[in-house]
Every structure is written in structure tokens, then in C-alpha cells.
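Only one structure is covered here, and it is reproduced in the block below.
Sequence lines set the chain letters: A, B, ... in the order given, protein chains first and strands last, and positions in each chain run from 1.
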2 protein chains.
Amino acid sequence: MFVLCMENTDNNFESSSDTRNRLLYAAEKLFCQRGFEGTSVRDITAEAGCNIAAVNYYFGSKEKLYEELFHMRLSEKIQGHMKTIEQVCARPDATLEDLLRELVRPTMESALRGDTWSRVVRFLVREALHHRFGRDKIAEELIDKFFERLAAAFRQLLPGLEKRAAWRAVLTFESLVMHPILFFEMYDLVLPGFTVKEITEQIVRVGAAGLRSCLKGTAE
Amino acid sequence: MFVLCMENTDNNFESSSDTRNRLLYAAEKLFCQRGFEGTSVRDITAEAGCNIAAVNYYFGSKEKLYEELFHMRLSEKIQGHMKTIEQVCARPDATLEDLLRELVRPTMESALRGDTWSRVVRFLVREALHHRFGRDKIAEELIDKFFERLAAAFRQLLPGLEKRAAWRAVLTFESLVMHPILFFEMYDLVLPGFTVKEITEQIVRVGAAGLRSCLKGTAE
DNA sequence: ACAAGATTAAAACAGTTGTTTAATATGCTC
DNA sequence: GAGCATATTAAACAACTGTTTTAATCTTGT
């Protein structure tokens, strides 16, 4: 989904009012901890140190606040990862492993650090599984563009890869990256003392071998 | 996680009182639709056609009702899948592809049909990401046993696979299976008209190639 | 210094939440 | 039929929900 788009640029609310930004920051923190329904407007305003009415004053409603947060974080990180793909694909000697590694490593570092973005991903997946807010056109478009770019990159690095096979490859790669982010507590139980490097290399190795196997296999 | 454990035995609440069973069934339906927090005790009792007090009378609390549902469904399906592994591994000519396929196909059929168990998986993942109820010892033990059996099966079908590599393989395989269940609406957007067979063969092909690549690769 | 607008504050709004109470109904054994 | 445990009911409980209102305060330009 949107997991692959990530950087380490935490908490860069820049524009407009101060309490407005404190509200965004507090909401992000609490939403990630307790989910959308589990967080009350009073919780948010208390964390932000302002009055209950502030949420409705600045955002109109609790849902609108969520939407703004969502779109902000998503487009931030999509842009970052598009750039990574461009950079790797521009190198004439780039391999499939190079691309996978450069996409996976920072993601896994973020997940193990448990920093903002990995918490945000979990929160967004949680709410997406809920599809409380229906289909989000803006998000869909962003994700679609990112997937399209990634599929093209796969076809460049894996000559002969059919179009539909490339789309399948994108989804498969997403599977491999999403899982550790969502369940990394379990990883620590199953693979005690696992490192960023171990999990990154596992995904790169399996991803590369798996994607290459899409070349020859019968499509359907 | 617990995705791999699934059968098509829907709605077999057998024991005890009638309204108690109707409560379990109604709660499962509504929890899957709207989540735990999104479902009120009044919703459940209305769906079950009984009084509001019934939930607390039979289960003590809304949370206890959730726990009973959770453990029931989980152990049901874990058992079913353990049996599948036994059956495949007993065949002298069994291949890795055979095992993966027999584990994946019914899972994908269930997900595409959108039947009870796939909805339950989504619900459980949603709540697990929330870790509202802390670590569940019963669930952890069940999952651990299943993972252990699956790792052993991988080592049988892939001679030379190291122990830790087998654990990594289990998690990786789980990644591949979990993703389509959680996001199969997206699959329909990215791969229009995709079939159970296409997605099953993709997972089996990538899974087998990926797992075999764990044989020679440097572990860490 | 004063008016205009943006921002904060306390309080109340109308609903909903999970749970409990006390009363009633039902089915059973003796 | 009395006694008893189980099951069901309507009503009330206190706490919490997102939002709105109304008033007070602060900031800014003139």
C-alpha cells in the first residue's frame, strides 16, 4: 500500500498557527497510540494544551483533522520514495537488488526505531481495514502513481518482465515490506535479537529471487 | 500471524444457550463490519434480538465476549491448518510447492469470497495493531505451535535449511499470504479481474523461489 | 487609542457509551 | 402447587462523546 514511502523527516508541521500545529502533532501521537475512535477530542486538546473548541475551530471536525493529517503524511513520504526510485534507476549499473535494498532498508530502520512514520503506517492500515472513511480519491491517486513508477522500475531492471507480471511484483514486494512493519513485535519473538540488516537482506533476497521467478513462470 | 489457519466451516457455535450463541454470531458479524469500538452493546443485542443486559449476563463484559470469540475462531482454524501440514508432509513425494499451494489456495478462495473467516482475520489484525488487549498468552501459544510446525515442514521439504532461516521463511511466507487478505480490494484495482488461481500461483511461485534462495544465502 | 478581526475560554448541548439494578417470567424438581 | 435456579426484561446509572454557543481576550492596522 503506502508503506514504501518513507523518510526520517519527523514532525515538520510548518505552516500557520501555533496551536493548530500543536493540535496536529497531538492528534498524530494519540491516533497512533489509541486509534481514531479511541482518541477523544478532549484527549487531543489536553495533549495540545488548548481548549476543547479548538479542534472544531481550526479543522471543522475531528474527521477533517484526521484527513489533513493523513494526506500530509502520505504525500510527504510518497514524494520521498519516488525520488529514491529515480536515483537508483538513473545509475547505469543498477541491479534489482540495489533498488529493493534502498527501498527496504530505511523502512526497516524506521520500523525498528518505532519512529513516527512506522507508527503512522500502522495507524493508517488500521483505519484502512476499517474503511471508515470510504475510498479516498487523493490517496488512491498518490498510491497509484507510486505503484506505476515502481512497476516501470521493475521492468527496467528485469528486462522481459510482462506488464501484468510487474504489477503482481509490486504487490508482492509490498507484502514483504508491510508485514514486518505491522507485526515487528512478533518478529522479535520469532527471531530474537533480529537486526535491520537481517530482515532487510531477507526481504531483498526473497524479493529478488521471487521477482525473477515471475519472468519465466506462466502468468496465469 | 494467524492468517494461515483457515477452513470453510462458518458459524458453528454449538454449545450452551441459544441467545448466547446468537450474541456470539451477532457480535462476530458486527465486530467485523465496524470494529470493536465501533460496535456498541446495543447494536449487538439488537442484532441478536435480545435485551441489552444479555451481554453482561452471559459474558460479564463486552471485552470478555470479544475474547471468547477470538480464541474460539483462532483455535478452530489453527487446528485445521495443522492437519493440512500433516497430510502434505506425510506424502513421500511432497514438494515445497505442494505445501504452499495447499495452504494458500483455500485461504485465497476464502478471501475472494469474503466469507466469515477472512473478515475475522481483518478484524483480528485491526485489533492486534491496536494492541488494546495486550499480549494474549493463549493466542501466542497457539501461533507459536503453528509456526514451529510450519518451520519443521519447511526444513523437511528443503533439506539443508538452517533453523533460523526456517523461522525467517515462516515469517516471509506469512507476509505473502497476509497481504492479499488485508488489501484484496486494492488487488482488484491493480490487477483487474484477478482470480484465485492467479494470486495463488503468484504466491506459490514467489514463495518457493524465495524460500529456496534462503538455502544458500548468507544468513546475516 | 480604538475598532475589527482572530483566537481562546467555560459552559452547555443532545447523544451515546458499558454496566447495573430490581422486577418479572420461565422451566424444572420435589 | 411450592420452591428454586435460570433467563429475560425495562429502567436507570454515571461517565463520556463530538459539537455549538456565548462571552471574554488577545492581536493587529489605522
Q: Verify, without hydrogens or angle tests, whether A:H179 (side chain) and B:H179 (backbone) share a donor-acceptor contact under 3.5 angstrom.
A: no

Q) Heavy atoms, side chains only, cut-off 4.5 Å: are A:D144 and A:E140 in contact? A) no

**Q.** cation_pi(B:K77, B:F146) dist<6.0 Å, angle<=45
**A.** no

Q.
What's A:T45 touching, base or sugar-phosphate or nothing? Going by heavy atoms closer than 4.0 Å.
A. nothing

Q.
Between C1' on C:dT16 and CZ on B:R42, what's the gap in Å once rounded to a whole number?
A. 7 Å

**Q.** Residue pair A:E28 / A:R73, side-chain heavy-atom distance below 4.5 Å
**A.** yes

**Q.** A:I52 CD1 to C:dA10 C1', straight-line distance once rounded to whole Å
**A.** 8 Å

Q) Just how far is it from atom CE of B:M108 to atom CG of B:L103, taken to the nearest 0.5 Å? A) 10.5 Å

Q. What are the bounds, 5' to 3', of the part of DNA chain D that sits under 4.0 Å from heavy atoms of chain B?
A. D:dT6 to D:dA12

Please table the atom pairs, donor to acceptor, closer than 3.5 Å between any side-chain atom in residues 46-58 of chain A and protein atoms at least two apart or in another chain.
residue	atom	partner	partner atom	Å
A:E47	OE2	A:K29	NZ	2.9
A:N51	OD1	A:A53	N	3.0
A:Y58	OH	A:S17	OG	3.2
A:Y58	OH	A:T19	OG1	3.3

Pairs under 3.5 angstrom, nitrogen or oxygen only, protein versus nucleotides 4-8 of chain C, please.
residue	atom	partner	partner atom	Å
C:dT7	OP2	A:Y57	OH	3.3
C:dT8	OP2	A:T19	OG1	3.1
C:dT8	OP2	A:Y58	OH	2.8

(Q) Would you say the rings of B:F123 and B:Y66 are close, in the sense that their centroids are separated by under 6.0 Å? (A) yes

Q: Kindly give the heavy-atom pair with the smallest separation between A:R168 and B:E198, and that separation in Å.
A: NH1-OE2, 2.6 Å

**Q.** Nearest-Å distance for atom pair CG/P, residues B:L65 and C:dT17
**A.** 16 Å

Q: Starting at atom CD1 of B:I44, determine the distance to atom C1' of C:dT17, rounded to an integer number of angstrom.
A: 12 Å

Q | Residue mapping more 5' on DNA chain C - nearest nucleotide basis, A:A53 or B:S61 | A | A:A53

Q) In whole Å, what is the span from the CG atom of B:D18 to the C1' atom of C:dT26? A) 15 Å

Q) Could you give the CG-to-P distance, from B:N56 to C:dT21, as a whole number of Å? A) 11 Å

Q: Answer yes or no: does a side-chain N or O of B:S40 lie under 4.0 Å from OP1 or OP2 of C:dT17?
A: yes

**Q.** Non-hydrogen side-chain atoms of A:M178 and A:F183 separated by less than 4.5 Å
**A.** no

